[in-house]
Student: 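Starting off with a structure, shown below.
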Amino acid sequence: MTSQQLKMTDSGSVQIEGIRKEYDDVIAVDTIDLEIHSGEFLTLLGPSGCGKSTTLRMISGLETPTQGQVYISGDKVTAQAANKRNTSMVFQEWALFPHMTVEENISFGLEMDGVSKDERQKRVTEALELVQLPGYHDRNATELSGGQKQRVAMARAIVREPDVLLLDEPLASLDRKLRQHMQVELKTIQEELGITFIYVTHDQEEALTMSDRIAVMNDGKIEQVGETADLYNHPETKFVATFLGETNLFEGTLRSMDSRPTVETDSFEVIVDEHGGRLGETVAVTVRPEYVEISSTEESLNVENTWTGTVIESVYKGSIQKYVVTVGTEELQIERQLDKNANPFKEGDEVAVGFSASSCEILGNNSPQQESIGNKTTSTSD
Ligand code: ADP
Ligand code: MG
């Protein structure tokens with residue numbers, strides 16, 4: 001492949017290498033690496049203050065890293081000014097010019113770039129169609145609803161045809177229904193344009209709905225990067241397991257029984273699948289509420305782990321029934337699809353609960369992969 005071809009296939013890719021940002025004694029971003037593919041929808045997800053915006057601003061050039069490098073489309077841009085990078089940014093605050101029309105707002109940047117009038121008009125019309133505001137050219141910015149303002153802000157960002165669009169909580173100030181609608185629309189726009197979107201949100205549902213991949217951030221670091229279903233089903237840390245969806249977490253000690261790894265908690269033993277971890281180590285087992293089964297007898301549950309417990313909560317939630325069941329001192333959250341032909345269990349019922357070894361994950365203490373157990377390389381060295 002020639003370097004020219006390499007460049008073309010790289011267009012819109014972003015690499016960040018060991019970037020760090022310090023403000024006096026605050027470490028906003030703590031030395032992170034991340035590779036974003038060309039045409040990908042990647043979300044930086046994490047709680048407020050974890051460093052999402054700072055990371056995005058370092059990609060855009062609005063902020064200079066204390067350490068590390070940023071590459072866009074294969075070129076090192078760390079020292080390059082924001083307006084020289086082929087990126088556009090969309091913010092939560094719409095920041096439209098109130099005294100200008102929709103068309104003037106959208107074409108302002110193009111005018112600065114020296115684009116001809118005919119070309120500007122053509123691109124504005126296309127952008128307005130893309131954000132589903134055809135014919136809104138002459139409206140005043142003050143005459144728009146919140147959702148329409150955000151569409152205009154999107155149009156203004158994409159009209160410059162950036163390789164990478166950076167979006168910082170763009171839907172956060174919209175009401176829930178409009179936000180959900182706009183999530184689907186933004187995803188459609190991204191697919192139509194085929195450009196790279198780097199999206200920042202603290203809303204896990206939003207991240208799961210829109211992203212190809214999610215990078216979960218916590219305290220200035222990236223905890224885990226992965227495709228949405230993979231992150232949900234195979235979290236590697238307690239933070240990721242609990243931040244993304246609801247889950248059960250049981251703390252216990254890693255042991256081995258008949259060559260199968262188990263986790264012994266205060267109330268029960270859980271048979272788990274093989275994984276990296278040391279015998280005797282304190283770990284957490286996590287299992288999603290929808291993977292926990294409930295029945296009247298243990299025999300009817302065809303899974304490795306079953307116990308008898310007591311229903312302490314039974315709540316109807318639309319298409320599912322939510323239960324809380326105690327087994328010893330542990331509480332299990334359970335979600336089951338409603339069965340039209342069976343009555344849900346009630347508070348006080350004695351029930352059988354359980355889950356398969358493959359439906360749970362072992363979460364260590366973020367230590368590097370240790371000797372694997374359960375595949376004959378068992379170590380009891382500590
Ligand atoms: P997020 O977008 O995830 O909410 P930010 O990237 O905005 O987080 O901030 C990360 C941390 O850096 C926070 O502790 C924040 O207070 C701090 N921070 C961000 N910008 C500045 C700044 N300009 N000066 C000082 N501290 C800042
Ligand atoms: Mg932010």
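Both counts, for ligands and for their atoms, begin at 1 and track the order of listing. All residue numbers refer to positions in the sequence shown, counting from 1.
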Student: According to the interplanar angle, ranging from 0 to 90°, do the rings of F197 and F41 count as parallel (below 30°), tilted (30 to 60°) or perpendicular (above 60°)?
Tutor: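 Plane angle between 30° and 60°, so tilted.
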Student: Please list, chain by chain and in numerical order, all residues satisfying ring pair (Phe, Tyr, Trp, His ring centres under 6.0 Å) with Y291, sequence neighbours excluded.
Tutor: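 Partners of Y291 by the ring pair (Phe, Tyr, Trp, His ring centres under 6.0 Å) criterion come out as none, since no residue qualifies.
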Student: Can you check side chain to side chain contact (heavy atoms under 4.5 Å, CB included) on T31 and I19, steps first, answer last?
Tutor: CA-CA 5 Å; T31 325; I19 59 166; over 6 Å; no
Student: Answer yes if a protein heavy atom lies under 4.0 Å from atom 16 (O) of ligand 1, otherwise answer no.
Tutor: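 No, there is none.
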Student: Between G220, C50, S53, which one has a non-hydrogen atom sitting closest to atom 7 (O) of ligand 1?
Tutor: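 Going through G220, C50, S53 one by one, S53 has the nearest heavy atom to atom 7 (O) of ligand 1.
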Student: Tell me the protein heavy atom at minimum distance from atom 27 (C) of ligand 1, and give that distance in Å.
Tutor: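 Checking every protein heavy atom, the shortest distance to atom 27 (C) of ligand 1 gives Y23 CD1, 3.3 Å.
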Student: Which protein heavy atom lies closest to atom 8 (O) of ligand 1, and at what distance to 0.1 Å?
Tutor: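 The answer is G51 N, 3.2 Å.
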Student: Out of L56, L44, T55, T54, indicate the one that has the non-hydrogen atom closest to atom 5 (P) of ligand 1.
Tutor: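 Result: the heavy atom closest to atom 5 (P) of ligand 1 is in T54.
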Student: Consider ligand 1: state whether an atom of it lies below 4.0 angstrom from any non-hydrogen atom of G46.
Tutor: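 Not so, G46 does not reach ligand 1.
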Student: Are side-chain heavy atoms of L128 and P134 found at a separation under 4.5 Å?
Tutor: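 The answer is no; the side chains never approach within 4.5 Å.
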Student: Can you label the angle between the F239 ring and the F243 ring as parallel, tilted or perpendicular, going by 30° and 60°?
Tutor: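 If you compare the ring of F239 with that of F243, the planes turn out parallel.
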Student: Looking only at protein heavy atoms, which one is nearest to atom 12 (O) of ligand 1, and how far off is it?
Tutor: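 For atom 12 (O) of ligand 1, the nearest protein heavy atom comes out as A28 CB, 3.2 Å.
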Student: For atom 10 (C) of ligand 1, what is the closest protein heavy atom, and at what distance to 0.1 Å?
Tutor: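 Nearest neighbour among protein heavy atoms for atom 10 (C) of ligand 1, to 0.1 Å: G49 O, 3.4 Å.
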Student: Could you tell me whether atom 19 (C) of ligand 1 has a protein heavy atom closer than 4.0 Å?
Tutor: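 For atom 19 (C) of ligand 1 the answer is yes, since some protein heavy atom falls inside 4.0 Å.
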Student: For E330, check side-chain hydrogen bond (donor to acceptor under 3.5 Å, both in side chains) against everything at least two apart and list the hits.
Tutor: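 Scan of E330 (side-chain hydrogen bond (donor to acceptor under 3.5 Å, both in side chains), adjacent residues dropped) gives T265.
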Student: Examine all N, O or S atoms of S48, backbone included, and report whether one is under 2.8 Å from the Mg ion (ligand 2).
Tutor: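 No.
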Student: Checking salt bridge (Lys or Arg N to Asp or Glu O under 4.0 Å) against D113, which of K84, R123, R160, R120 comes through?
Tutor: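 Considering K84, R123, R160, R120, a salt bridge (Lys or Arg N to Asp or Glu O under 4.0 Å) with D113 is found only for R160.
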